[in-house]
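All values derive from a computational prediction rather than experimental measurement. The sequence lines fix the lettering, A, B, ..., with proteins before strands; numbering per chain opens at 1.
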Number of protein chains: 2
Amino acid sequence: MKKTIGKAQSSADGVQAVDERYSIRDLAKDFAVTTRALRFYEERGLLRPQRKGQSRIYSAADRVRLTLILRGKRLGFTLDESAELIAMYDPSGNNAGQLQALIDKIQEKQQRINAQKREIELMLSDLKEWEQRSLKALTELSRGTKQNQ
Amino acid sequence: MKKTIGKAQSSADGVQAVDERYSIRDLAKDFAVTTRALRFYEERGLLRPQRKGQSRIYSAADRVRLTLILRGKRLGFTLDESAELIAMYDPSGNNAGQLQALIDKIQEKQQRINAQKREIELMLSDLKEWEQRSLKALTELSRGTKQNQ
DNA sequence: AATAACGTTTACGTTAACGTAAACCAGGAG
DNA sequence: CTCCTGGTTTACGTTAACGTAAACGTTATT
């Protein structure tokens, strides 16, 4: 029932070679996105699958990237922001400065979310206060009409 | 130094008539939005200023609405959502069901925000873990090169 | 050979929330 | 009368993140 394409690679140059290969449909199904979206992410530089002829072939690394993209979306990042984040996550130009910058960027987002949280809490307490007042007004009104019910 | 237009209204029909009148520029300046935005909000039914000839005249009530619109934006609501919220806030079709629905809607948003908060906390703890590992790798590397610095 | 299933590229369409002119009116200053 | 300032309407432009064809190229199966 495994949906891998071709055969697994047992590369001679070590590390773990669990490099399964997925078609664009596989990824789309597994992550519940459209193929259009996947091609779009590639067009925007967020994914770089290999090619076998014309067709795209995605690796486990691509799945990780996609995971990050989608996580970014859930957090309200734009694709460009996610691109940045991924580039920093990537152990390519791996100096610690990048990592710290990444952390900073995410903490910024955290601030915004906390601010939102506070605002929405204020809004809710406002509303519940109103609710109390409305209820009180209603009961008084029903008393005014001499137990209408 | 008051930027009111014309004279204040002392309406005979009671309540508080602190109805100051503002031009579109006044509102724009006070809330740091463009006049274009204000006209746009009106076009979308979020504001309904009076007219004096062609010109729009905004009241204190309009300022409240605008406040809600902007608060909505900060919370990530679309204009349509804000429109709903404002309609519910508005003591026009004032039955308590509306109010409860409004509270529900906002609590939904609250859930989403809390979810985001959790996700971002996860991300951060992940990143900090990585950071530790990177640092450790670096120190070991420098020990390997026999205190290179 | 024909059909189906899956892939590709190219390109125009869509929604949201305004930005950015263009063209025009109204009234007060000089 | 002319110019400025500030307001108005109409309407096309813009960005983001894909959706939705259209037209066409592989295999594999019937």
Validation: residues 110-119 of chain A side-chain donor-acceptor distances under 3.5 Å, sequence neighbours left out:
| residue | atom | partner | partner atom | Å |
| --- | --- | --- | --- | --- |
| A:Asn114 | ND2 | A:Gln110 | O | 3.4 |
| A:Glu119 | OE1 | B:Arg74 | NH2 | 3.2 |
| A:Glu119 | OE2 | B:Arg74 | NE | 2.6 |

- Item | Side-chain N or O of A:Arg51 closer than 4.0 Å to phosphate OP1/OP2 of C:dT9 | yes
- Message: So, OP1 or OP2 of C:dG7: does either fall under 4.0 Å of a side-chain N or O from A:Ser23?
- Response: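 For A:Ser23, the contact criterion (side-chain N or O under 4.0 Å from OP1 or OP2 of C:dG7) is met.
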- Query: For the atom pair CD1 (B:Ile120) and CD (A:Gln107), what is the distance rounded to the nearest 0.5 Å?
  - Reply: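 Rounded to the nearest 0.5 Å, the CD1-CD separation comes to 9.0 Å.
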- Nearest heavy-atom neighbours spanning A:Met88 and A:Ala101: CE-CB, 3.4 Å
- Item | B:Ala60 versus B:Tyr22, closest heavy-atom pair with distance | N-CE1, 4.4 Å
- Output field dot_bracket for DNA chain C (Watson-Crick or G-U, both distances under 3.5 Å, | for other-strand pairs) contains ||||||||||||||..||||||||||||||
- Message: A:Thr35: which residues meet the side-chain contact (heavy atoms from CB on, under 4.5 Å) condition with it, sequence neighbours left out?
- Response: A:Ile24, A:Arg25, A:Ala28, A:Arg39
Could you tell me which residues satisfy side chain to side chain donor-acceptor pair (under 3.5 Å) with [X], sequence neighbours excluded, listed by chain and number?
{"X": "B:Arg44", "value": "B:Asp80"}
{"X": "B:Gln132", "value": "none"}
{"X": "A:Arg36", "value": "none"}

Throw together a table of side-chain donor-acceptor distances under 3.5 angstrom for residues 65-72 of chain B, partners on residues two or more places apart or in other chains.
| residue | atom | partner | partner atom | Å |
| --- | --- | --- | --- | --- |
| B:Arg65 | NH1 | B:Leu46 | O | 3.1 |
| B:Thr67 | OG1 | B:Arg63 | O | 2.8 |

- Item | Short N-O contact, B:Glu42 and B:Arg51, less than 4.0 angstrom | yes
- Task: Hey, which sits more toward the 5' end of DNA chain C by its nearest nucleotide, B:Gln54 or B:Asp80?
- Result: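 Final value for this comparison: B:Asp80.
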- Opening and closing nucleotides of DNA chain D in contact with chain B, under 4.0 Å to non-hydrogen atoms: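 That gives a stretch of D:dG7 to D:dA11.
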- Message: Under 4.0 Å, heavy atom to any atom of DNA chain C: which of residues 67-76 of chain A qualify?
- Response: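 Close to the strand, none.
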- In whole angstrom, give the distance that lies between atom CD1 of B:Ile24 and atom C1' of C:dC25.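 Computing the B:Ile24:CD1 to C:dC25:C1' distance gives 16 Å.
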- Item | Of residues 35-45 of chain A, the positions that come close to DNA chain D - non-hydrogen atoms, cut-off under 4.0 Å | A:Arg36, A:Ala37, A:Phe40, A:Tyr41
- Could you tell me which residues satisfy salt bridge (charged side-chain N to carboxylate O under 4.0 Å, His left out) with B:Glu81, sequence neighbours excluded, listed by chain and number?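 Testing B:Glu81 for salt bridge (charged side-chain N to carboxylate O under 4.0 Å, His left out), a comparison that skips the adjacent residues, returns none.
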- With A:Lys128, which residues qualify under salt bridge (charged side-chain N to carboxylate O under 4.0 Å, His left out), at least two apart? none
- Could you tell me whether a side-chain N or O of A:Lys105 sits under 3.5 Å from a main-chain N or O of A:Leu85, the two making a donor and an acceptor?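 Side chain of A:Lys105 to backbone of A:Leu85, a donor-acceptor pair under 3.5 Å: no, none is there.
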